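The structure appears right after this line, and notes come after that.
Numbered from 1 within each chain, the chains take letters A, B, ... in sequence-line order. Keep in mind that what you see is a predicted model, and the values were worked out from it rather than measured.
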Amino acid sequence: MSYYNQIRVLVWKDLASEFRSKEMLNSMLIFALLTTVIFSFAFDPEADTVKKVFPGVIWVALCFAGILGLNRSFQGEKSNDCFMGLLLCTPDPGVVYLGKLFSNLIFMLIIELISLPILFLLFDYRLQGSLGWLVLVIALGTWGFIAIGTFLSALAMNTKNSELLLPVILFPLLIPLLIAAVKATGLILGGGDFASWSNWLGIICSFDLIFTVVSWFLFDYVLEV
Amino acid sequence: MLKAKGIVKQVGPKTILQGINLEIRAGECVAILGPNGAGKSTLLKILATLMKPSAGIVYLDGKDAWKSPEQVRGNIGLISHQSLLYDNLTARENLLFYGKMLGLNDLDQRVSQLLKEVGLLLSANEQVRNFSRGMQQRLALARAILHNPPLLFLDEPFTGLDQQGIGLLNNLIGQAKTKGTTLIMVTHSFEEGLAFSDRVLVLNKGGLVYTGETKELTITGLRDLYCEKTGVKTS
């Protein structure tokens, strides 16, 4: 079976399994909404500080909700030793990485689709820049987060305190991505022109490319740990 | 069919397998016995290409298993004491998923036929999480033989099976032997080892301490030999 078809089947399996149980989606969504509500209480919507903290609030809510999802990403494979069965079906473990990456990305985009409009409503924030660019930056930032997160969640899968270990090893690696994503998001929200945030977009794209390719190549070795 | 040369597996400072050499002919049925911690399951995983050895080579049909996994893995079936099934998918979806991943043709027909054979056709659209342990193991049997693998690994396959499952597994092993499938079974049971295999291997502390034809052995003889080679007394 072709590489592409194996990835497609793997994504179908993850979506079918998750939409039936909704365990991961529910926990991610509830966490994202709770974070949003707590932040909306913490900051006065009319104050100028909101403009400064809003991009950070967006990425904090998304990252913490995402961590919850990533922690559960390989749990389904771990129970009943399904991962062994999966490896026997595919000569290249890179298929498993890409399949999981796309599944996690879809779950994350669903959460963003629901939680971001609520975030804008609760903060009464009016977008001054282009919605298209904002969507692009958030999508690319999410891709980078999921690319490295999926890789590390596989690494943490067989450890005792995987739920603790994952954020500890993930967040230091995410620092360049998060800085770039928060800066680019802030500039787009404030109506900045393309030139003012294009460098940050470049960093996000480079991060995405490097960590996707490296994780894909190294995935085979992660399974040996 | 399968040849292992100098298989060593080291995890940290611990040596789990120390230089295993073995050769298994096509159509042969081999039982691997040994006390807990002897390295049986690790050896099985290495032979099944699920774990890389620290040193040594595994050849399947003359091909280095780790150099050409795409030519090897599709020929392997695995029955484990774990079901390798997804709880949130239905029985049919589980088989369809594995079948699609393996790129099988006429999958719907094959899945229905297997579900009927293992007595789960009426429960085909129920989620596996609602299945009893016995039903899950029967479905696991169907999963393992979905692609008619010429090489079947069995890791303590009778664990958790109900009476119907035991009957099915006995039939499956019998049919596989008739078809010329190579069977490699890890077990703690001398009875199963003798009943289903042509040859018995005994592992102890990561080393292969005995290999012999089962036709030359009786249960008592095997127990005595096992005790002598491993130092573990059996009742």
Side-chain angles (χ1 to χ4, degrees), chain A residues 1-27 72-100 103 107 154 157-159 218-225, chain B residues 9 11-12 41 44-45 48-54 65-90 93-105 107 127-129 131 133 136-137 139-140 143-144 146-147 149 151 153 155:
Chain A
M1 196 183 200
S2 75
Y3 209 85
Y4 164 74
N5 277 337
Q6 282 201 328
I7 294 170
R8 198 172 51 83
V9 173
L10 200 55
V11 173
W12 166 81
K13 185 270 293 173
D14 279 346
L15 296 184
S17 187
E18 180 53 33
F19 287 138
R20 202 156 287 159
S21 74
K22 297 185 188 72
E23 286 171 12
M24 188 201 289
L25 280 172
N26 281 347
S27 61
R72 287 171 178 263
S73 172
F74 281 92
Q75 291 304 316
E77 309 298 337
K78 207 176 155 187
S79 72
N80 300 336
D81 270 349
C82 290
F83 204 66
M84 279 210 297
L86 198 53
L87 288 181
L88 276 178
C89 297
T90 169
D92 183 357
V95 168
V96 180
Y97 170 72
L98 290 179
K100 283 284 170 190
S103 309
F107 296 140
M157 172 175 57
N158 291 321
T159 58
L218 292 182
F219 197 71
D220 197 10
Y221 297 97
V222 162
L223 304 180
E224 276 294 294
V225 177
Chain B
K9 183 66 186 179
V11 178
S41 293
L44 195 84
K45 280 183 185 171
T49 72
L50 289 167
M51 185 186 274
K52 277 184 185 165
S54 306
W66 285 102
K67 279 191 181 158
S68 49
E70 68 284 357
Q71 292 172 34
V72 167
R73 285 191 174 150
N75 294 330
I76 292 173
L78 174 69
I79 297 171
S80 162
H81 45 96
Q82 292 285 351
S83 67
L84 281 66
L85 297 168
Y86 293 93
D87 287 335
N88 291 332
L89 299 185
T90 66
E93 284 170 345
N94 264 288
L95 295 186
L96 285 173
F97 167 68
Y98 280 111
K100 283 176 184 171
M101 287 296 285
L102 288 159
L104 302 182
N105 297 322
L107 192 56
Q127 283 181 52
V128 168
R129 65 165 65 250
F131 280 14
R133 170 87 179 142
Q136 288 191 20
Q137 286 301 91
L139 185 59
R143 177 200 48 72
L146 187 63
H147 53 307
L151 177 58
F153 290 94
D155 188 1

- How long is the span from the NZ atom in Lys100(B) to the CD atom in Gln6(A), to the nearest 0.5 Å? 13.0 Å
- Least distance between heavy atoms, Cys82(A) atom then Leu85(B) atom: SG-O, 3.1 Å
- If one checks every heavy atom of Glu18(A) against chain B at 4.5 Å, the contacting part turns out to be neither
- Are Tyr98(B) and Lys13(A) side-chain neighbours, meaning at least one heavy-atom pair lies under 4.5 Å? no
- Item | Listed once per pair and sorted, the side-chain hydrogen bond (donor to acceptor under 3.5 Å, both in side chains) pairs that draw on residues 74-86 of chain B, sequence neighbours left out | Glu77(A)-Tyr86(B)
- Query: Are any non-hydrogen side-chain atoms of Phe97(B) and Leu86(A) less than 4.5 angstrom apart?
  - Reply: yes
- Message: Looking at Tyr221(A), I'd like to know if the NZ or CZ of Lys52(B) sits under 6.0 Å from its six-membered ring centre while staying within 45 degrees of the ring's axis.
- Response: yes
- Query: Mind checking whether Arg20(A) and Thr90(B) have side chains closer than 4.5 Å, heavy atoms only?
  - Reply: yes
- Heavy-atom proximity to chain A below 4.5 Å, by part of Arg129(B): side chain
- Message: Using every non-hydrogen atom in the two residues, find where Leu88(A) and Leu102(B) come nearest and quote the distance to one decimal.
- Response: O-CD2, 4.3 Å
- Message: Any heavy-atom pair between the side chains of Asn80(A) and Leu84(B) that's under 4.5 Å?
- Response: no
- Message: Using heavy-atom distances under 4.5 Å, tell me whether Glu93(B) contacts chain A through its side chain, its backbone, both, or neither.
- Response: both
- Spacing of CG belonging to Asn88(B) relative to CG belonging to Asp14(A), to within rounding of 0.5 Å: 10.5 Å
- Would you confirm whether Arg73(B), through its side chain, and Cys89(A), through its main-chain N or O, come within 3.5 Å as a donor-acceptor pair? no
- Which value, rounded to the nearest 0.5 Å, describes the distance between Leu87(A) atom CG and Ile76(B) atom CD1? 11.5 Å
